[in-house]
Amino acid sequence: MEVVGEVFLSALLEPLLGKLTSGELLNFVRKTQVEKELNKWKVRLLEIDEVLKDAEEKQITNSTVKIWLTKLRDLAYDVEDVLDEFQTEALASKVRAESQASSSTVRKLLPTCCAGLNPSAIELNMRTGSRLRGITTRLEAIAKEKNELDVGITRSKGVKKRVTTSLVKESHVCGRDNDKKAILELLMNDDASSLEYSVIPVIGMGGIGKTTLTQLVYNDESVKFDCKAWVCVSDDFDIPRITKTILQHLGSCEDNDLNVLQERLKDKLSGKKFLIVLDDVWSNNYDDWTALSLPFSAGAMGSKVIITTRSEDIASKMGSVCAYILERLSFDECLRIFTQHALDSRNFEAHLELKEIGEEIVGKCKGLP
């Protein structure tokens, strides 16, 4: 029996995600239909990557999971082939652009959306169009199947679950100024919709800094709400626990009955403009979310809920605005974070002998803070 090994798929998926975030490739396909398809691939592969380890462990005893992994492997090879084609063409285009100017006559005939692309690149775009859409369809199907499998984050006995708070050391945060500004604009935007409150999803792969960004926003002096609450949800979407935690931010609460908790939360939020953060959400159960959010409707217009999650599916079910996708940091930004924690400094000036190995370590982090 053929076995899909953990190392094999992990080693295959990581480079694919790296290629999908390659600056040269993104510049090459910018403002084309190709870019839209590649963005879809990136989001779905990030979702799949989060459950890959658990799936690979369970394939030994679960034939359905093994079949799913086999389909994922075959698809990953096809994705790799397409990305290699585009990277090759992007490199060739760069070489041609440096050696000679493109024909002005040809450039006048190019549609605006293809500005910056040469005729060969456009031919590649058109030739692979149906192939790209076919891969997108298969990837969507595989991502949907993932939700029906018993795979995800598992915790061994005795291993503590992840816990977060609203506190953050801002001096240790690098490269998130623009992201913070974007989320603040969403918080301050009191649109004229009929919704009592807005839900802002922040999505991205594990370790990319969703919690840190939200902490920065939550503690910003410009964020003015009548009341605020922070809840670390994690993989246990326990409605009474989450409701009780929110209530504890608004005053003491000793009850455990869900009905009592929700009635009290509704009273506390009534007529108030609130900000609630639900950090690290894993459950995509729409009924659970509907039940939890019932008291939120009592709040004043302009109230906001921020959720952080790794899943686009969760963001689409819970969000009322387009999800904010958090991207990887630049190499220099990661280097500053690394030296801050390793050397209590922003650079290697006092430790030049460590610079080379430090840069190698940061390079392996691939933009994850």
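Values below: all heavy atoms of this structure, side chains included; hydrogens, waters and symmetry mates excluded.
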Plane angle bin for Tyr197 and Phe296 - parallel if under 30°, tilted between 30 and 60°, otherwise perpendicular:
perpendicular

Answer with yes or no whether the side chains of Asn347 and Thr339 bring together a donor and an acceptor at under 3.5 Å.
no

Measure from the side-chain N and O atoms of Glu47 to the backbone N and O of Ser311, and report whether any donor-acceptor pair falls under 3.5 Å.
no

A side-chain contact here means heavy atoms from C-beta on lying under 4.5 Å apart; do Asp280 and Thr164 qualify?
no

Show the nearest heavy-atom pair for residues Lys304 and Leu186, with the distance to one decimal.
CE-O, 3.3 Å

For residues Val202 and Lys210, report the shortest heavy-atom separation together with the two atoms involved.
O-CD, 3.7 Å

Are Trp68 and Leu16 connected into the same hydrophobic cluster when the rule is that any two of I, L, V, M, F, W, Y join if their side-chain heavy atoms are below 4.5 Å apart?
yes

Identified side-chain contact (heavy atoms from CB on, under 4.5 Å) counterpart of Val217 within the set Thr212, Val168, Leu187
Leu187

Ion pair Arg133/Glu37, N-O distance below 4.0 Å:
no

Testing the basics here: between Ala76 and Leu13, what is the closest heavy-atom pair and its distance to 0.1 Å?
CB-CD1, 4.5 Å

Is it possible for you to say whether Phe338 and Leu368 belong to one hydrophobic cluster, with membership spreading through side-chain heavy-atom contacts below 4.5 Å?
no

Applying ring-ring contact (aromatic ring centres under 6.0 Å, His included), can you list everything that pairs with Trp230, at least two apart in sequence or on another chain?
Tyr218

Do you know which two heavy atoms are closest between Ala300 and Gly271, and how far apart they sit?
CB-O, 3.5 Å

State, with a plain yes or no, whether a side-chain heavy atom of Phe237 is found less than 4.5 Å away from one of Val281.
yes

Is the backbone of Ile48 close enough, under 3.5 Å, to the side chain of Lys146 for a donor and an acceptor to pair up by distance?
no

Check this for me: Asn178, atom CG, are more than 12 non-hydrogen atoms of other residues, nucleotides or ligands nearer than 6.0 Å?
no

Do we see a donor-acceptor contact under 3.5 Å between the side chains of Trp282 and Ser234?
no

Quick check: are there more than 12 heavy atoms from other residues, nucleotides or ligands sitting under 6.0 Å from CD of Glu356?
no

